[in-house]
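For reference, the structure discussed in these notes is given below.
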Amino acid sequence: GAVFIGCTYGLGGLASLSILLNRWFESHKGLAFGICATGSGIGVIVVPLIAAALIENHSLIFTFRVICMTFVVCAVLIWIIMRNQPEDKNLAPLMEEERKKKKTHHTPSITAAGTTASLIMFLMCILIGISSNPPYQHLPVLLDSGGFDSFAISRMIFISGIAASIGKLMYGQLIDIMGTYRANYILFGLNIVGIFLCALSNVSSPLLTAGAIICFSVGISVSTVGPSVYAKDMSTPENYPKTVRNYQLATKIGTLILMSVPGIVADKTGSYAPVFVFFGCIAVLCTVITQILYHQAVQRSASNSAQTST
């Protein structure tokens, strides 16, 4: 059952959505990616609450049936409404005309760097998956080891889910407004600060802990929205489906590589702090290398523009 669920998630996950959004949106793609990624985050927050109420008032089997029928209804609606590309309904990609009439901010393409830059970004996506997802999944046990009771942990995780959803929307909007290069400084920065502060989390400093979790959860959008945006910046339209698939796969590989490491380290050292410091260092490395790639792209774009004007 778990394998089947994983397969269906892979078929209908962010990689597939990113390909569709890239066809339907000529501008505001970052916001579109952020909205879709936020949908999954909201589902993680809302569905468990509904499922818990159904289980308590009815039964587990009844709850599974309700969820299954909900999926069936949603699948039918998606099949009826969704189209592979706007041309199938005689439409143009959203905002295409506005983009032609009005010069909007964009991130310079990195494709001129060729295969090397794309390979480096693939490796960065692995490291992004390592530095973001394993520590995020271990937040409950981190809080438990810090002395928080179950009620406080539940509140913190709920806050984390809200912050993660806001972060996805914020990252997408910032990318559209200021470009990926500048937006990365903000979101990667929040991610790094949050991870390091999580290493200091304990029951004696609840405000610090809450701030750490909010910063980290907002910044984790670099591992959800990020790969889809990096693939857009790194590839041509023809190669985008393959590139976004590879980058999304890379983040999942990174997640799987070290998912069990925090628990192992905590058993050996008696604390989750060292492993969160390690993840923070990986996040710093990701930021530096990713921003070097984008900085080189900005310089190339400026040089090409100067040559064209002369």
Side-chain angles (χ1 to χ4, degrees), residues 14 17-18 21 28-42 44 105-108 110 120-137 139 159-199 210-234 244 247-248 250-252 254-255 276-277 279-298:
L14 283 175
L17 282 173
S18 299
L21 292 174
H28 299 294
K29 289 183 180 180
L31 180 59
F33 291 144
I35 290 173
C36 283
T38 301
S40 62
I42 293 174
V44 171
H105 184 90
H106 68 284
T107 298
I110 308 179
I120 293 173
M121 184 54 75
F122 178 85
L123 296 175
M124 287 307 98
C125 286
I126 293 178
L127 293 181
I128 288 171
I130 289 174
S131 64
S132 298
N133 296 323
Y136 187 77
Q137 296 297 327
L139 281 179
I159 292 172
S160 171
I162 298 295
S165 297
I166 293 173
K168 293 170 186 177
L169 282 175
M170 186 175 79
Y171 191 28
Q173 184 69 0
L174 287 175
I175 288 170
D176 289 333
I177 294 173
M178 61 179 62
T180 311
Y181 178 63
R182 292 183 178 89
N184 277 348
Y185 279 116
I186 298 174
L187 273 298
F188 270 108
L190 288 171
N191 189 42
I192 292 168
V193 170
I195 293 175
F196 280 119
L197 288 180
C198 280
I213 289 176
I214 290 173
C215 288
F216 177 40
S217 300
V218 170
I220 203 173
S221 57
V222 297
S223 69
T224 52
V225 179
S228 298
V229 176
Y230 306 150
K232 174 180 68 68
D233 294 337
M234 280 291 219
V244 72
Y247 288 2
Q248 292 287 351
T251 59
K252 299 299 184 293
T255 300
F276 270 78
V277 171
F279 285 133
C281 294
I282 296 294
V284 170
L285 177 64
C286 292
T287 305
V288 171
I289 298 178
T290 300
Q291 293 304 84
I292 288 175
L293 288 176
Y294 274 94
H295 180 67
Q296 291 175 345
V298 172

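Because the structure is a prediction, the values reported are computed rather than measured.
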So do [Y] and [X] actually touch side chain to side chain, heavy atoms under 4.5 Å?
{"X": "Arg182", "Y": "Ile175", "answer": "no"}
{"X": "Val218", "Y": "Leu187", "answer": "yes"}
{"X": "Val244", "Y": "Pro227", "answer": "no"}

Roughly how far, to the nearest 0.5 Å, is the [atom2] atom of [Y] from the [atom1] atom of [X]?
{"X": "Thr224", "Y": "Tyr171", "atom1": "OG1", "atom2": "OH", "answer": "9.0 Å"}
{"X": "Met170", "Y": "Ile186", "atom1": "CE", "atom2": "CD1", "answer": "7.0 Å"}
{"X": "Leu285", "Y": "Ile289", "atom1": "CG", "atom2": "CD1", "answer": "4.0 Å"}
{"X": "Ser165", "Y": "Leu169", "atom1": "OG", "atom2": "CG", "answer": "7.5 Å"}
{"X": "Cys286", "Y": "Leu123", "atom1": "SG", "atom2": "CG", "answer": "10.5 Å"}
{"X": "Tyr294", "Y": "Met234", "atom1": "OH", "atom2": "CE", "answer": "6.5 Å"}

Counterpart residues, side chain to side chain contact (heavy atoms under 4.5 Å, CB included), relative to Gln173 (two or more places apart):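 Only Leu31, Asp176, Ile177 meet the side chain to side chain contact (heavy atoms under 4.5 Å, CB included) criterion with Gln173.
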Ile159: partners by side chain to side chain contact (heavy atoms under 4.5 Å, CB included), with sequence neighbours left out: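 Side chain to side chain contact (heavy atoms under 4.5 Å, CB included) list for Ile159, sorted by chain: Ile214.
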Apply side chain to side chain contact (heavy atoms under 4.5 Å, CB included) to the pair Lys252 and Asn133, showing each step before the final yes or no. CA-CA 9 Å; Lys252 299 299 184 293; Asn133 296 323; 5.8 Å; no
State, to 0.1 Å, how close [X] and [Y] come at their nearest heavy-atom pair, and which atoms those are.
{"X": "Ser217", "Y": "Ala163", "value": "CB-CB, 3.7 Å"}
{"X": "Phe216", "Y": "Ser132", "value": "CZ-O, 3.4 Å"}
{"X": "Ile282", "Y": "Leu127", "value": "CG2-O, 3.6 Å"}
{"X": "Cys198", "Y": "Leu139", "value": "SG-CD2, 4.1 Å"}
{"X": "Ile128", "Y": "Tyr230", "value": "CD1-CE1, 3.9 Å"}

Let's go through Thr290 and Asn184 carefully: what are the C-alpha distance in whole Å and the side-chain angles of both, what is the deciding distance for side chain to side chain contact (heavy atoms under 4.5 Å, CB included) to 0.1 Å, and is it a yes or a no? CA-CA 9 Å; Thr290 300; Asn184 277 348; 3.8 Å; yes
Kindly list each side-chain donor-acceptor pair under 3.5 angstrom involving residues 188-196, sequence neighbours excluded, with atom names and distances?
none

With no hydrogens and no angle check, is any side-chain donor or acceptor of Gln291 less than 3.5 Å from a backbone partner on Tyr181?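 Yes; at least one donor-acceptor contact below 3.5 Å.
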Is the side chain of Thr251 donor-acceptor paired with the backbone N or O of Gln248 at a distance under 3.5 Å, no angle test?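 It does hold such a pair.
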Apply side chain to side chain contact (heavy atoms under 4.5 Å, CB included) to residues Tyr136 and Ser223 and explain how you reach the verdict. CA-CA 11 Å; Tyr136 187 77; Ser223 69; over 6 Å; no
